[in-house]
Amino acid sequence: MRTQVAIVGAGPAGLLLAHLLALRGIDSVVLERHTRAHIEARIRAGVLEQGTVDLLTKVGLADRLHAERLIHHGLELLFDGVGHRVPLTELAGRELTIYGQHELVKDLVAARLDTGRPLLFEAPAVAVEGVDTDSPVVRYVHNGRTEELRCDVVAGCDGFHGVSRAAASGLTVYEHEYPYAWLGVLAEVAPSSEELIYASHDRGFALHSMRSPAVTRLYLQVRPDEPLSEWPDSRVWTELRTRLDRTAGFELADGPIVDKAITALRSFVVEPMRRGRLFLTGDAAHIVPATGAKGLNLAVVDVAVLASALGRWFADGDPAGLESYSDTCLSRVWRVQHFSWWMTSMLHRAPDADPFTRRLRLAQLRYLTSSTAAATSFAENYVGLPFPEGAS
Ligand code: APR
Ligand code: PHB
């Protein structure tokens, strides 16, 4: 098989890229290792920046999102038993959208299948070759046979555990492990708060989020090596109530937990995000701790930059966008990496933290919730900085 752009991975990055390329008349083939049911059921984050929603709306992918999303204009930081609302939209002029990533993936898959363009499930890429030539090849397995997909360009959209990054030699890796992880639960119960609550408690971090008026999403800081078996539902609710409590009182409603998983927190970046005709996007190139809700939104910006660059290159041979792709994306990636690391370090209690560090974190929280300048800086990063010039 041959195409212009071979897209490895049908997550948000791969599926959105395929759509943006098709709008520019550029052919692509999307290869996905798992089944459609698997990728549409994968519970991930659920906060979309306004830039992400604006792009999805512009390209016709946001009909259900607009019908079902929740719109938020603020969030709460809870510490020392007191909740402090940060009026995000008032400070930074942008709103937040709550819409499950797996819901977005469903919309992107449906849109791709409606076009009739190739999206192959259970088709894992096993090798990406010839990235330094002008006709790279992706080898993949499908229906028990090893196939070849020849192309002009390979888009590595296969996430942190994909194969495309390994095809790019000479990359520099930057990474940071956090001494804690997140236990995430999805509960079939109405949220107990209108907006998100980020709690920094002496026992550890907790987050109250949601997916809909009937589904609550909650997270607890746990040890990185903690087995899920140590967290029966009763213990999860007890610990959440402790960490989300406040002097004014707070009733956390509970209900059936339908998804429970422990996820490591990690910061990771590869430089550059390109090798020859291979372009890495989203989690294939960078990982941020979920605290800032940035993973999906970063992937969207990478893909918008890449789609614009490929559009110019295929249309009139102008390589400028491709040559600046990595630098353009990395500039935002590092800003978002810093914000996510800073927010994570401020809200989480490291297991070996000394009293001095705890006081520093409290001082940071008190400053952030008492200074308009500090809150505005937080807000503009949290709601998402404007897209790079030309990314669309
Ligand atoms: N061949 C084909 N597909 C693959 C391969 C492979 N060898 N390896 C991985 N994949 C698929 C995965 O099954 C997944 O569907 O690539 C896709 C990668 O999707 P994501 O991991 O969601 O990454 P991305 O599209 O960059 O989106 C980033 O997803 O993981 C979250 O927190 C992350 O919100 C962020 C967003
Ligand atoms: C979520 O709703 O899954 C969520 C919200 C905010 C975060 C991380 C995850 O920072």
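Both counts, for ligands and for their atoms, begin at 1 and track the order of listing.
- Atom 6 (C) of ligand 1 has A125 N, 3.8 Å as its closest protein atom, hydrogens excluded (heavy atom only).
- Of the listed options G159, A293, G156, G159 places a heavy atom closest to atom 21 (O) of ligand 1.
- Ion pairing between R241 and D254 holds under the 4.0 Å rule for side-chain N and carboxylate O.
- In the candidate list A166, A123, G282, P12, P12 is nearest to atom 27 (O) of ligand 1, counting heavy atoms.
- Ion pairing between R235 and E239 fails under the 4.0 Å rule for side-chain N and carboxylate O.
- Figure legend: cation-pi geometry between R359 and F356 absent, as NZ or CZ is not positioned both under 6.0 Å from the six-membered ring centre and within 45° of its axis.
- At a 4.0 Å heavy-atom cut-off, ligand 1 touches C157 through the backbone alone.
- The option from H34, H161, E40, Q101 that lies nearest to atom 36 (C) of ligand 1, judged by heavy atoms, is Q101.
- Distances from atom 4 (C) of ligand 1 to the heavy atoms of D158, I7, L120, T263 put D158 nearest.
- The proximity of R33 to ligand 1, defined as any non-hydrogen pair under 4.0 Å, involves the side chain as well as the backbone.
- Counting heavy atoms closer than 4.0 Å to ligand 1, residue E32 contributes atoms from both its backbone and its side chain.
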Using residues 174-190 as the side-chain source, report each donor-acceptor pair under 3.5 Å to any protein atom, sequence neighbours left out, with the distance given to one decimal.
from : atom 1 : to   : atom 2 : distance (Å)
Y178 : OH     : S267 : OG     : 2.6
W182 : NE1    : H348 : NE2    : 2.8

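- By the 3.5 Å distance cut-off applied to N or O atoms, A13 is counted among the residues near ligand 1.
- In summary, the side chains of S28 and R112 do present a donor paired with an acceptor at a separation below 3.5 Å, with no hydrogens or angles considered.
- Among protein residues, A45, G46, V47, W182, L196, Y198, L207, S209, R211, R217, Y219, A290, T291, A293 come within 4.0 Å of ligand 2, judged on heavy atoms.
- Close approach of ligand 1 to V8 is summarised as follows: ligand atoms under 4.0 Å from at least one heavy atom of the residue are 1 (N), 2 (C).
- Residue-level proximity to ligand 1 for L31 is carried by the backbone, the only part with a heavy atom below 4.0 angstrom.
- Of all the heavy atoms of R42, the ones lying under 4.0 Å from any atom of ligand 1 belong exclusively to the side chain.
- Judged purely by distance below 3.5 Å, without hydrogens or angles, the side chains of Q337 and W342 never pair a donor atom with an acceptor atom.
- Distances shorter than 4.0 angstrom do not occur between any heavy atom of A45 and any atom of ligand 1.
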